[in-house]
Amino acid sequence: MIKKTLVLLTVVLLTFSLIGCTGTGSKDVNTDVLVIGGGGAGLVAAIEAASNGAKVILVEKMAAVGGNTIISATGITASDTVLHTQAGIPFTKADHFKRTMDSSKNLANAELVDILVNSSSDAIDWLIELGVELKVRSEAEPFWIVPVEGHYGAQLVGAFVKEAQKHQNLEIRTNTKALELITKDGAVVGAKVDNKGEVYNINAKAVIMATGGLNNNPEMIAQYNAKYANIHTEMTTPGATGDGIIMGLTVNADLVDMEYFQVRPLSSNGNWYHERIVTTEDVSGIVVNINGERFTNETAAPRTLAAEILKQPEATGYIIFDSRVLATPDGKKAFGLGKGVQADSIEELAALINIDAEVLKKTVEDYNNGIDPFGRTVLGKIIEGPYVAVKTLPSNHYTMGGLKVNANAQVIDKNNKPIAGLYAAGEVMGGLYGDGRVAGNNTLDDIVFGKIAGANAAK
Ligand code: ADP
């Protein structure tokens with residue numbers, strides 16, 4: 001009888017708890033570390049926290065991990081690495097530090113840059129350990145560490161995922177979006193998440209924000225830098241919508257360098273084209289609007305050129321150049337990837353891009369005759385057919401500002417105090433780039449600050 005009652009009681013309790021789960025939609029869980037975002041920084045942070053013994057849940061709002069890290073095309077920047085020694089090509093920590101600070105116009109946080117630079121050789125050792133085959137790109141570009149073959153970002157994310165899978169205390173939940181942070185007595189203690197409409201809480205001892213940048217949120221970009229209103233979003237994956245900044249602000253996080261974005265004025269179909277196709281002396285081209293008119297000095301700084309194109313109808317431009325630019329590697333790239341069109345005369349070219357032929361003809365003639373109301377001092381000539389047009393949709397490439405962090409990757413609040421329980425790594429954090437980014441420092445940031453955040457969150 002007692003046994004029967006116990007069984008009945010157990011069944012009732014089990015049923016009750018199941019109803020509790022499904023009936024309220026609640027599947028709240030507890031973990032040690034919650035990582036928000038499954039790009040490079042989030043995966044590294046999760047691996048590091050799990051390696052330090054913490055129970056880790058990583059949530060990724062998209063159907064798959066990877067973020068913008070997976071579309072990183074070239075490689076990583078690192079200094080004084082084993083690969084430099086092997087190749088006999090030097091790129092020192094001092095070079096790396098200077099290059100980073102100079103690019104930032106000395107606006108980067110020197111303490112964070114110092115950590116980044118000093119950890120870069122360890123980061124390369126770790127990637128080699130994970131099986132990523134790398135080499136120094138060339139004597140001319142000794143800062144670039146690139147894959148021996150294949151696509152960099154895909155190999156990087158592949159290696160991180162493989163490593164993450166080795167940890168039984170690390171669970172990745174895709175299609176799971178962090179909606180808001182949960183706080184208790186001023187500390188961050190988890191997040192409310194949404195998995196395909198099912199909303200629940202993940203309670204954690206620490207949260208690592210690794211949500212990437214704002215590249216896919218033009219309204220938010222314009223909020224921080226009005227001249228980039230209308231910016232196109234071709235160079236990003238969809239998940240980069242600034243969620244980490246928005247969530248950070250709700251817990252009084254401070255932000256740094258939010259007005260700086262890396263933009264590409266000459267860009268289409270997710271690619272960008274070197275500005276030299278419109279800036280090289282003698283042979284270079286021009287940018288016209290959809291009415292066939294020039295409107296700016298194409299040799300201005302890339303950000304200025306981008307802002308000027310964005311002011312034009314449909315925030316669109318056409319790059320016009322001749323066969324001499326087409327013969328250069330940059331010209332070929334723009335023509336090929338930008339799905340350019342070519343014709344033997346400017347009038348025929350105009351017809352191909354639906355622009356008034358007379359207007360485009362006059363624009364090109366004026367330019368060839370040195371008539372330039374925009375203050376351009378380096379004028380080329382568009383005189384040798386075939387003539388080429390490539391559409392450009394200026395695009396945001398990298399979010400340089402973000403959550404303010406200290407050397408422990410703790411997020412800092414507006415009173416300059418660390419927010420208990422909240423860490424950040426990767427593109428969502430600010431401080432490493434100021435006004436200009438050294439290409440390749442970004443996935444280094446994912447690894448270095450991902451590891452710092454992961455280790456500290458696991459403590
Ligand atoms: P990083 O290089 O800093 O890792 P990525 O762009 O590679 O940046 O990765 C950021 C990831 O965070 C993307 O996969 C993105 O989809 C994800 N993400 C962004 N916001 C959220 C959110 N609210 N909840 C869960 N994942 C998010």
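Whatever order the structure lists ligands and atoms in, that order sets their numbers, starting from 1. These numbers were taken from a predicted model, which means no experiment stands behind them.
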Peer 1: Does a side-chain heavy-atom distance below 4.5 Å link V189 with T183?
Peer 2: no
Peer 1: Going by the atom numbers of ligand 1, which of them fall below 4.0 Å from some non-hydrogen atom of G66?
Peer 2: 7 (O)
Peer 1: Under 4.0 Å from any heavy atom of E427, which atoms of ligand 1 are there?
Peer 2: 3 (O)
Peer 1: Among all protein heavy atoms in this structure, tell me which lies nearest to atom 4 (O) of ligand 1, with the distance rounded to 0.1 Å.
Peer 2: A41 N, 2.9 Å
Peer 1: Using a strict 4.0 Å cut-off to heavy atoms of N68, name the atoms of ligand 1 that fall inside it.
Peer 2: 5 (P), 6 (O), 7 (O)
Peer 1: Suppose we measure from atom 9 (O) of ligand 1 to each protein heavy atom; which comes out shortest, and what is that distance?
Peer 2: G39 CA, 3.2 Å
Peer 1: Using the rule side chain to side chain donor-acceptor pair (under 3.5 Å), only one of R294, Q312, E308 pairs with N289; which is it?
Peer 2: Q312
Peer 1: What protein heavy atom sits nearest atom 27 (C) of ligand 1, and how far away is it?
Peer 2: K61 CG, 3.7 Å
Peer 1: Charged N to carboxylate O under 4.0 angstrom, K27 versus E198?
Peer 2: yes
Peer 1: Quick one: does M247 get within less than 4.0 Å of ligand 1, heavy atoms only?
Peer 2: yes
Peer 1: Return the residue, atom name and 0.1 Å-rounded distance of the protein heavy atom closest to atom 12 (O) of ligand 1.
Peer 2: G37 CA, 3.2 Å
Peer 1: Can we say K98 and D102 salt-bridge, meaning some charged N sits less than 4.0 Å from an Asp/Glu carboxylate O?
Peer 2: yes
Peer 1: Which bit of D446 gets closer than 4.0 Å to ligand 1, counting heavy atoms only: side chain, backbone, both or neither?
Peer 2: side chain
Peer 1: What are the atoms of ligand 1, with element, lying closer than 4.0 Å to any heavy atom of T176?
Peer 2: 25 (C)
Peer 1: Just jot down the ligand 1 atoms closer than 4.0 angstrom to any heavy atom of G40, in number order.
Peer 2: 4 (O), 7 (O)
Peer 1: Which ligand 1 atoms are under 4.0 Å away from a heavy-atom of G67?
Peer 2: 5 (P), 6 (O), 7 (O), 9 (O), 13 (C), 14 (O)
Peer 1: Just wondering, more than 12 heavy atoms not from Q223 lying within 6.0 Å of its CD?
Peer 2: yes
Peer 1: Salt bridge between K61 and D194, side-chain N to carboxylate O under 4.0 Å?
Peer 2: no
Peer 1: Specify the protein heavy atom at minimum distance from atom 16 (O) of ligand 1: its residue, its atom name, and the distance to 0.1 Å.
Peer 2: E60 OE2, 2.7 Å
Peer 1: Which one of A210, G153, S72, P238 has a non-hydrogen atom at the shortest distance from atom 10 (C) of ligand 1?
Peer 2: A210
Peer 1: Looking at F261, Y398, Y260, which hits ring-ring contact (aromatic ring centres under 6.0 Å, His included) with Y433?
Peer 2: Y398
Peer 1: Taking everything shown except K417 itself, do over 12 heavy atoms lie less than 6.0 Å from its NZ?
Peer 2: no
Peer 1: Pull out every atom of ligand 1 sitting under 4.0 Å from any heavy atom of G38, numbered as shown with elements.
Peer 2: 11 (C), 12 (O)
Peer 1: Are any non-hydrogen side-chain atoms of Y273 and L337 less than 4.5 angstrom apart?
Peer 2: yes
Peer 1: Parallel, tilted or perpendicular: which describes the rings of H84 and F91, with under 30° parallel and over 60° perpendicular?
Peer 2: tilted
Peer 1: Would you call L156 and T443 a side-chain contact if the rule is heavy atoms closer than 4.5 Å?
Peer 2: yes
Peer 1: Considering only non-hydrogen protein atoms, determine which one is nearest to atom 24 (N) of ligand 1 and report residue, atom name and distance to 0.1 Å.
Peer 2: A178 N, 2.9 Å
Peer 1: What atoms of ligand 1 come closer than 4.0 angstrom to any heavy atom of M62?
Peer 2: 16 (O)
Peer 1: Out of L179, D243, I447, indicate the one that has the non-hydrogen atom closest to atom 20 (N) of ligand 1.
Peer 2: D243
Peer 1: Is any N or O atom of K177, backbone or side chain, closer than 3.5 Å to an N or O atom of ligand 1?
Peer 2: no
Peer 1: Taking NZ in K192 as the centre, count heavy atoms belonging to other residues, nucleotides or ligands within less than 6.0 Å. Is the count above 12?
Peer 2: no
Peer 1: For a quick check under 3.5 Å, do S284 and R376 share a side-chain donor-acceptor pair by atom type?
Peer 2: yes
Peer 1: Do me a favour and list the nearest non-hydrogen protein atom to atom 7 (O) of ligand 1 with residue, atom name and distance?
Peer 2: T69 OG1, 2.6 Å
Peer 1: Looking at atom 8 (O) of ligand 1, what's its closest protein heavy atom, distance included?
Peer 2: G212 CA, 3.5 Å
